[in-house]
Amino acid sequence: MDEACLRELSKIFAQDQLLTNLSDLHSYSYDASFGTYLPNAVVQVKNVDEVSAVLKLANRYRVPVYPRGQGTSLSGGPLPVKGGIVMDLSQWKQKLEIYPDDLVAIVSPGVLTSEINKAAEKYGLMYPPDPSSSHVSTIGGNLAENSGGPKGLKYGVTKDYVLGLEVVTPEGEFIRTGGRTIKNVTGYDLTKLIVGSEGTLGVITKAFLKLIPKPPTTQTMMAVFDDLVISGKAISKVLTSGILPAKIELMDRSSIIAVENYRPLGLPVEAEAILLIQLDGHEETLNKEIEETNRIVREVGARETVIPGSREEADQLWQARKLVSPAIVTLKPTKVSEDVAVPRSKIPDMIDRLNRIKEKYNIHLVVFGHAGDGNLHPNIICDQRDTEEMIQVEQAVSEIFNAAIELGGTLSGEHGIGTMKSPFMEEELGSITLDMMRRIKTAWDPNHILNPGKIFPEPDQNSLVLRDG
Amino acid sequence: MRQLQEKINYEKTFDCVHCGYCLPACPTYESMQKETHSPRGRINLVKQFAEGKIDIEALQEPIDKCLGCNACAVVCPTNVEYSKILESAKGVLDEQKPKTKKQKIAEKIIFDQVFPSKTWMNMIGQATWLYKKSGLQSLLEKTGLTKWAPLHLGQFEQVLPDLPSPAERKRRQKVAKAIGRSKAKVGFFTGCVMDSIFFKINAKMIDLLTRAGVDVFIPDEQTCCGALHAHSGKLGSSKELAKRNIEAFERENVDFIVNNAGGCGARLIEYEELFEDEPEWRERAKAFVAKVKDISQLLVELDTLVFTKPVHEIVTYQASCHMLNVQRVAEPPLRLLKSIPGIDYREMEGSDRCCGSAGIYNIIQYDESMKILDQKMDAIKPTDAHTIVTTNPGCLLQMKLGIHREGLENRMRAVHLVELLYEAGPERRNPYDY
């Protein structure tokens, strides 16, 4: 990066907002995925003028800029893969306004996702998207990646809750998209274009979010199966019986065993799968629905069902799901967390494919995820210091992607493409679709300064690499 | 390189998967607003240093500014042993970073002679007493000289408690017998700072224990727990101190080893891990650790006290990080507080977050510490508390300082849990029960 560019940056930013010493640069060189890349500078922005000034400067000097929230991305979204400027938006968290009469929240990009829901709850409302990192991740990052979460089954994902945005374009111009009304068909839907664009089309500086009434109560059920295919059938049967649970989470046998070894909770270790189902709504309806759900899953072939009698017992069941991550890393330290989604009816096929991949490459692979909406998280447990093993893992992950695409699914349900999955884009989308996407990118960002190296594969990038160069 | 990697716990840095779940728990990430001053950032820097990608200067500030409160370890989904990584990084910094001769001598005196020595700690207690009684303190305060003293010690002097005279100090007995039938034999680990500056609280503690129905022994040979040494990277001396303490309490053959300083207690329960390559000491340490209890734990387990004098106050509780995050003692102090008649207990927002005291952090990282203290006081004020209760001497001093800085001395005070329990008229329920 040009010295002159750095000098100009230092004129825009106070000393404590512009970070250039080595310890700071290293601290913004990673996210929760793989690889570390040193930026030349980090700027901590707190208003539109600062964002705009950085982008204009970057266009003049042709320096890449990478927007970043709190770096919880599992796909490499904020990684400064080509050096340049990391734009940290995590400290811009001052605005969190709830308008209960409009059912709208207005937020600045650094607000934590869970804080929005917490604020909404005070008015009997909720902001449903609940990625498991929502107590750490910023709304700006969630919007950029279009994050999901378990409640996606009933409530949809981030994009379903965005009414409007304020954005600074890659060239540094300020624009508004959408508005604060539920209905809005005025022109192209740029809001939806920006959401999920992974920080390649603009920097989101404010969001107008839709809130919905919060259901008064919840009810949980665990269903135990001796056969994965039957658990898949149970999901379909429940969903076609007029019942829409808030979430249906799946744990396969290896994740059950891992959790039970890690912290004995009395889980059925000989089972092939368990489903954790949560219903929400009014108590009377719930009592009926849980009874009905119980009847259906047993009829389809659940070996056993557990309906907790108290909030604490229910929490304990959900605890099991939460413990999967810590439990599996006790085996080996590196966790490659995948994110494919398939049509719901294909879940048993996908799990079957995963088991075959596991055997073929002799890897530790566990499967859990949001089975209700077809989004699975196959996790491979390995050791990044073991090069041989990592090569096997890379091949296995490629095969997982292929399997998902073949079954009519997609590379990523909620983590994003980033650096990790870009080599597989063409396979899923075809060359023309990918080219249309590239044209959109070029129209918005003619100098390619905003978050380069993401979504689109680089010319020499044709396979997944999880090892540091 | 390999040697350095071993020393700095390089392998343990791989347990961190960079998920970032530690960020919201970290007080310095909140106050300093930079990834560099977060647990994830620090672990990454240790790793980069061990790989030779950054030099020691780049590592030093982020490590020095860590409070060591361990709140990150509690929320870590992959159980990264953060405190081990931190301690070893401090150890390497301590060895490698160039220090002035003066600094070295000062450190040697403080860590090798002052803290391990009962005589020294008594003398500090007495010197502080003399300082307060002689009028020197008020003279210095009036002239504003204390404000100019290095390390802002003047700030802390203003909030020092009333100290006992040397004669009073000498009068303390080595054994105190239970009131009524004895339920257990308890060794009292007095703690350096508690026993020098807060000697009077320790006296109340002994009284409280006898009322609870246990015999109390105070071994003379006990020494500093070694926490401050370990937190400053002096692991070797920390080990020696551990051995002396283990020996001292073995001699008395007690049922429990009780302490009232969250920081000391946290160190004591880690003794076993110090002796990974010394099997004999490891066994002895294991037996020692099994007996260690915080005063609040012991009192709740004994369940022998009733409180006869109502305390009509609004009370809030500031947890000691080391008690909460290392000893994982959370409930007992609250149970005791709530059992005092008349108390209006109100939880402050973030009562589990560090107050910025953190050993000697508030002395050597004064500015950062005061930022954290100001945030803490902002959380306390809305409770309208009359009394802030803590369970560690460092936190207690820091809370006193917080009250002083806010000018709230007229309507707010900070006390050790033991003091408040003592005020509430503790009596043994059934003195002749087994």
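Chain letters run A, B, ... following the sequence lines, proteins first, then strands; residues in each count from 1. Worth knowing before you read on, the calculation uses all heavy atoms, side chains too, and leaves out hydrogens, waters and symmetry mates.
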K.L.:
Go through B/Pro62, B/Cys19, B/Cys76, B/Cys22 and name the one with the most non-hydrogen pairs under 4.5 angstrom from chain A.
P.N.:
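Highest number of heavy-atom pairs under 4.5 Å: B/Cys19.
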K.L.:
Counting only heavy atoms from other residues, nucleotides and ligands, does the tally under 6.0 Å from NZ of B/Lys381 exceed 12?
P.N.:
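Correct, the count exceeds 12.
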K.L.:
Please name the pair of heavy atoms, one in B/Leu45 and one in A/Ser23, separated by the smallest distance, quoted to 0.1 Å.
P.N.:
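What the structure gives for the nearest pair is CD2-O, 3.7 Å.
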K.L.:
So which part of A/Asp31 gets closer than 4.5 Å to some heavy atom of chain B, the side chain, the backbone, both or neither?
P.N.:
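Contact with chain B is through the backbone of A/Asp31 alone.
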K.L.:
Heavy-atom count check: over 12 atoms from other residues, nucleotides or ligands less than 6.0 Å from B/Arg328 CZ?
P.N.:
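Buried by this count: over 12 neighbours within 6.0 Å.
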K.L.:
Between A/Gln44 and B/Gln33 (side chain of the first, backbone of the second, donor and acceptor by atom type, cut-off under 3.5 Å), is there such a pair?
P.N.:
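Judged by distance alone, yes, a pair lies under 3.5 Å.
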K.L.:
Please state whether the side chain, the backbone, both or neither of B/Gln60 comes within less than 4.5 Å of a heavy atom of chain A.
P.N.:
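It is neither, since no heavy atom gets under 4.5 Å.
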K.L.:
If you measure from CG on A/Leu22 to CD on B/Gln48, what distance do you get to the nearest 0.5 Å?
P.N.:
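Reported to 0.5 Å precision, the distance equals 9.0 Å.
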K.L.:
Crowded around B/Glu349 CD? As in, over 12 foreign heavy atoms under 6.0 Å?
P.N.:
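Open.
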K.L.:
What part of A/Ser132 gets within 4.5 angstrom of chain B, counting heavy atoms only: side chain, backbone, both, or neither?
P.N.:
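Both backbone and side chain.
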K.L.:
Measure across B/Glu35 and A/Arg68 and return the closest heavy-atom pair with its distance rounded to 0.1 Å.
P.N.:
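For B/Glu35 versus A/Arg68, the nearest heavy atoms are OE1-NH1, 3.9 Å.
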K.L.:
Let me confirm one number: the CG-OG distance from B/Leu23 to A/Ser133, rounded to the nearest 0.5 Å.
P.N.:
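The OG atom of A/Ser133 is 11.0 Å from CG of B/Leu23, to the nearest 0.5 Å.
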K.L.:
How long is the straight-line distance from OG1 of A/Thr36 back to CG of B/Asn44, given to the nearest 0.5 Å?
P.N.:
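Answer rounded to 0.5 Å: 7.0 Å.
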K.L.:
Need one label for B/Arg42: side chain, backbone, both or neither, based on atoms under 4.5 Å from any heavy atom in chain A.
P.N.:
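Neither part, no heavy atoms under 4.5 Å.
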K.L.:
Looking at CZ of B/Phe14 and CD of A/Gln384, how far apart are the two atoms once the value is rounded to the nearest 0.5 Å?
P.N.:
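It is 5.5 Å, given to the nearest 0.5 Å.
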K.L.:
Where do B/Lys34 and A/Tyr28 come nearest, in terms of heavy atoms and distance?
P.N.:
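Answer, listing the atom of B/Lys34 first, then A/Tyr28: CA-OH, 3.5 Å.
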K.L.:
Heavy-atom count around B/Glu51 CD within 6.0 Å, excluding the residue itself: above 12?
P.N.:
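Above 12, so yes.
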K.L.:
Under a 4.5 Å heavy-atom cut-off, does chain B meet the side chain of A/Ser90, its backbone, both or neither?
P.N.:
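A/Ser90 touches chain B through side-chain heavy atoms alone.
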K.L.:
To the nearest 0.5 Å, tell me how far A/Thr72 OG1 sits from B/Arg40 CZ.
P.N.:
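Going from the OG1 atom of A/Thr72 to the CZ atom of B/Arg40 covers 7.5 Å.
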K.L.:
Side chain, backbone, both or neither: which part of A/Asp24 has an atom under 4.5 Å from a heavy atom of chain B?
P.N.:
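Both backbone and side chain of A/Asp24 come within 4.5 Å of chain B.
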K.L.:
Please work out whether the ring planes of A/His135 and B/Tyr21 are parallel, tilted or perpendicular, with thresholds of 30° and 60°.
P.N.:
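Judged by the thresholds at 30° and 60°, the geometry between A/His135 and B/Tyr21 is perpendicular.
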K.L.:
Non-hydrogen atoms of chain B under 4.5 Å away: do they reach the side chain of A/Leu19, the backbone, both or neither?
P.N.:
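For A/Leu19, the side chain is the part near chain B, not the backbone.
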K.L.:
Please determine whether the number of non-hydrogen atoms from other residues, nucleotides or ligands lying under 6.0 Å from atom CZ of B/Arg335 exceeds 12.
P.N.:
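Atom CZ in B/Arg335 is not crowded, with 12 or fewer foreign heavy atoms closer than 6.0 Å.
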K.L.:
Check each atom of A/Gln91 against the heavy atoms of chain B and say whether the ones under 4.5 Å are side chain, backbone, both or neither.
P.N.:
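Answer is side chain: those atoms of A/Gln91 sit under 4.5 Å from chain B.
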K.L.:
Any side-chain heavy atom of B/Tyr29 within less than 4.5 Å of one from A/Gln70?
P.N.:
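Side chain of B/Tyr29 against side chain of A/Gln70, heavy atoms only: contact under 4.5 Å found.
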